[in-house]
Protein chains: 2
Amino acid sequence: MFLDLRHLRALLAIHEQGNLSQAASTLHVTQSALSHQLRALENHFDTPLFFRRSRPLRWTPAGQQLLELARHIVPEVERAESALRSTGDGQQGRLHMAVECHSCFEWLMPTLDRYRPEWPQVELDLSMGFSFHPLPALYRGDVDLVITSDPEADLGGLTYVPLFRYEMLLAVARASPLATRDWITPADLADQTLITYPVCPERLDIFSRFLGPAGVEPAQRRTAELTVMLVQLVANNRGVAALPNWALREYQDQASIHGLALGESGLWSTLYAAVRNEDRGKAYVDAFIRLARDRTAETLPGVLPAR
Amino acid sequence: MFLDLRHLRALLAIHEQGNLSQAASTLHVTQSALSHQLRALENHFDTPLFFRRSRPLRWTPAGQQLLELARHIVPEVERAESALRSTGDGQQGRLHMAVECHSCFEWLMPTLDRYRPEWPQVELDLSMGFSFHPLPALYRGDVDLVITSDPEADLGGLTYVPLFRYEMLLAVARASPLATRDWITPADLADQTLITYPVCPERLDIFSRFLGPAGVEPAQRRTAELTVMLVQLVANNRGVAALPNWALREYQDQASIHGLALGESGLWSTLYAAVRNEDRGKAYVDAFIRLARDRTAETLPGVLPAR
DNA sequence: CCAAAAACATGAATTCTTCTCATGTTGACG
DNA sequence: CGTCAACATGAGAAGAATTCATGTTTTTGG
C-alpha cells in the first residue's frame, strides 16, 4: 500500500484551493513538497492525476477517482481522531454495563437518567447478563462496568468499589403460614417453592450464603425474568422469593406480600461496581460510580452506606 | 492529523493474527517496529489501545474504536488503489462520451453493445450534450470522448480522429412538391418549415454549411428531441428536416418520406471522435475508436470510410 | 513450581522518507 | 513579448520509521 492519508488530504486541499501553491500553504508545507508528492503518486500509479501544463487545474478521471476517495475517507478519519482525543482526557468514552443482580434494574435506570445529561458524550449501554458471565466479559473488555454483589475470585486487574449495603428479605404471601414469623431458618424453606431469576444457583445469594451452607434445598424451584412477575407469583402464594429490601418495599403496598429476615441477624449484602483498574480514575467512570453510590444511598429506602 | 494508514493496517493485522509478533511478520516488519508504532499511537492519543501485560491480547474500547475505523477504511483504500493501478495499464478507466450529432445515437448504441463485453472494466456513460457544450467539457475532463462533425477551433490538447463520412439529406414528405426534385438549393427552403434537434443553429450543419453561407433563413423552425418524432412530423408534411443518410434510410420504408441531396454535389460531412491527447494511446480508448470506425463503416448503409 | 520459551518492550543506531531551499520552466495576461 | 504567478526539479537537510541488540514479562510443559 503506497497511498497515504497525507496524499488524500493534499488532494482535498488542492481541490478546495484550486491550485498547488495555495493548497500547500493551507497544509503548511512548501509548494515544492506538494509537487513532489503528486509526482510520486502519479509515478507510482503510472497515470496522471491532473492535466499538466494547464491552468486552471484540470483533474483527470483517475484524479477525480482519488479525490472521491479522499472525500469519503478523510472526514471519517478526522471524526475518529477527535473522538479518540476526547477519550484520552476522560470527557468521552464507552460505559457498557452489565448487572449480575437482576433487581438492580430498578434503581439503575433512574441513576442512568441522571447521568446521561451530565455526560452526553459517553456511550451508554446496559445488559442483564442472561447469556454471559459479566465479570469475565469485563476482563475481556466487552463491558466496562459490572454491578455485582460478589467480589469473586480476582481475575486480576479488576477493582471493586462498594456502593451500598442492603438486606435480602424473603418475600412471602401475607396468607402464607410463614408470614407470622419474625425471621426464617434455612430449614423453613425445605418444603417451599423458591422462585428466582433464571440464573444458576451459585449466582444467587440465597443459595450461596443461606441454603447452601446449611445443606438445604427448597422443595421446588421455578423462575421468573421480571421482578413484577416474581412478586405476582409470591402474592398468589405460588412460592416464596428472595428480594432486596428496597425492591420488595416498592411492591409491598400494592401486592399482599410480606418481607421476612433470612436468619436471625438478617442476610446483608454489599453491592459493588467492578471496573478494570485502567478505567479507575477516568472522569466519566468515577462520576458514574459516585453518582450510583451517593444518590442511591440517599433515595433508596432501606439501604445503608457501604462499609 | 497523526493517524496514518500504516497504523490502521497494523491494527487490522494484529486483530487477525491475535498477537504482535505474527502480525509483524505478515506486515513484513519486525516485532519491534510494531511495538514502537503502537506505543506512538497510544502516546499521541493519551489512551491505551490494548490492556498491557495480558495475553491473549485484549482491546480497550478505544482500541476497538480504531479497529472499527480500520475495518471501514483499509478495504476502501485498497479497492481504490487497485482500480487506479489498472487505470495505469489501460485495462480499466472511464469513458464518458458526449455526442454533438443527435442522430448518432442510432449507430452508437449498437457499437457500445459490442464494446461493453470486451471491456467490462471500463465505466461507460453517454450524454447528449443538450445542456452543455461537449468540447469544452472534454477539455475540462468532464467527459472523455466526444462524437462531433466539427473539428472546431483547437482548444489545444485535443485530438480529432476521423471515423467515417456520410451525406446529409433533406427529408421531405413524398407528398411534398419538393419530393420530385433531384437536389435542393438553399433558396428552396425559404418558404419551408425546418424541423431540427433542439440545439443552437451554429451546431447544425444545415445552417452552418448550407443555409448560412447562402444567407437564407427557413420560413419557420420547430424542434423535436427524438429522431422518430422528427420523421413523423416530416411524413405528415409539417416540415422538412436534415438527416444523415443512414438515419433516414432506416425510416424511409416505414414512413412515406424521401431524401434529397443538399446542393448539386450533396452535403458531405465527416464524423470525428475527439479525445484528449493524453488519452490517445490508452488501450480502452483506442479500442473504442477502432470499433466505432471499422464496424460502423461496414454495417451502416451509405457511409464511406473517412478521408 | 520451575525452567524454558514465547511474546512483548525499549534505547540507540541506521536507513529511508519527506521536506525545504534554490533555481529553472512554463503558461497567462496585459 | 515581457512580466508575473504558478509549477517542476535536483540536492541536501531534517525527520520519521525501522532494525538490532537486549531486557522484561507472561505462558507453558515437565
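A note on names: the letters A, B, ... follow the listed sequences, proteins ahead of strands, and every chain is numbered from 1. Since this is a predicted model, take the numbers as computed values, not measurements.
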Mutual orientation of the aromatic rings belonging to A:His44 and A:Phe2 [parallel < 30°, tilted 30-60°, perpendicular > 60°]:
parallel
Do A:Arg94 and B:Gln64 have side-chain atoms, one donor and one acceptor, less than 3.5 Å apart?
yes
note: A:His28, atom NE2; C:dT20, atom P; distance rounded to Å ~ 11 Å
message: Under a 3.5 Å cutoff, is there a donor and acceptor pairing between the side chains of B:Arg85 and A:Thr47?
response: no
Atom NE2 of B:His44 and atom P of D:dA17 are separated, to the nearest Å, by 11 Å
Between CD of B:Gln37 and C1' of C:dC8 the distance, given in whole Å, is 15 Å
_Would you call the rings of B:Trp59 and B:His15 parallel, tilted or perpendicular, taking 30° and 60° as the class edges?_
perpendicular
Check: Within the distance-only criterion (no hydrogens, no angle test), does the side chain of B:Tyr115 pair as donor or acceptor with the backbone N or O of B:Tyr284 below 3.5 angstrom?
Finding: yes
Which of D:dT18, C:dA9, C:dC19 is nearest the side chain of A:Ala33? It is C:dC19
(Q) Under 4.0 Å, heavy atoms only, any strand: does A:Ser32 hit a base, just the sugar-phosphate, or nothing? (A) base
note: B:Ile14, atom CD1; C:dC8, atom C1'; distance rounded to Å ~ 11 Å
Separation of D:dA8 atom P from A:Leu41 atom CG, nearest Å, is 13 Å
May I ask you to verify if any side-chain N or O of A:Ser35 is less than 4.0 angstrom from the OP1 or OP2 atom of D:dC7?
-> no
In whole angstroms, the gap separating C1' of D:dC7 from NE2 of A:His36 amounts to 11 Å
Between CG of B:Asn19 and C1' of C:dA5 the distance, given in whole Å, is 14 Å
_For A:Arg79, is there an ion pair with A:Glu76 - N to carboxylate O distance below 4.0 angstrom?_
no
Close N or O pairs between protein and nucleotides 23-26 of chain C (under 3.5 Å):
{"from": "C:dT26", "atom 1": "O2", "to": "A:Arg55", "atom 2": "NH2", "distance (Å)": "3.3"}

To the nearest angstrom, the CG-C1' distance between A:Asn43 and D:dA8 comes to 12 Å
Exercise. Taking C-beta and beyond as the side chain, do A:Arg293 and A:Val161 meet within less than 4.5 Å on heavy atoms?
Worked result: yes
Per atom distances to the B:Thr30 side chain, the nearest of C:dA7, D:dC20, C:dT20 is D:dC20
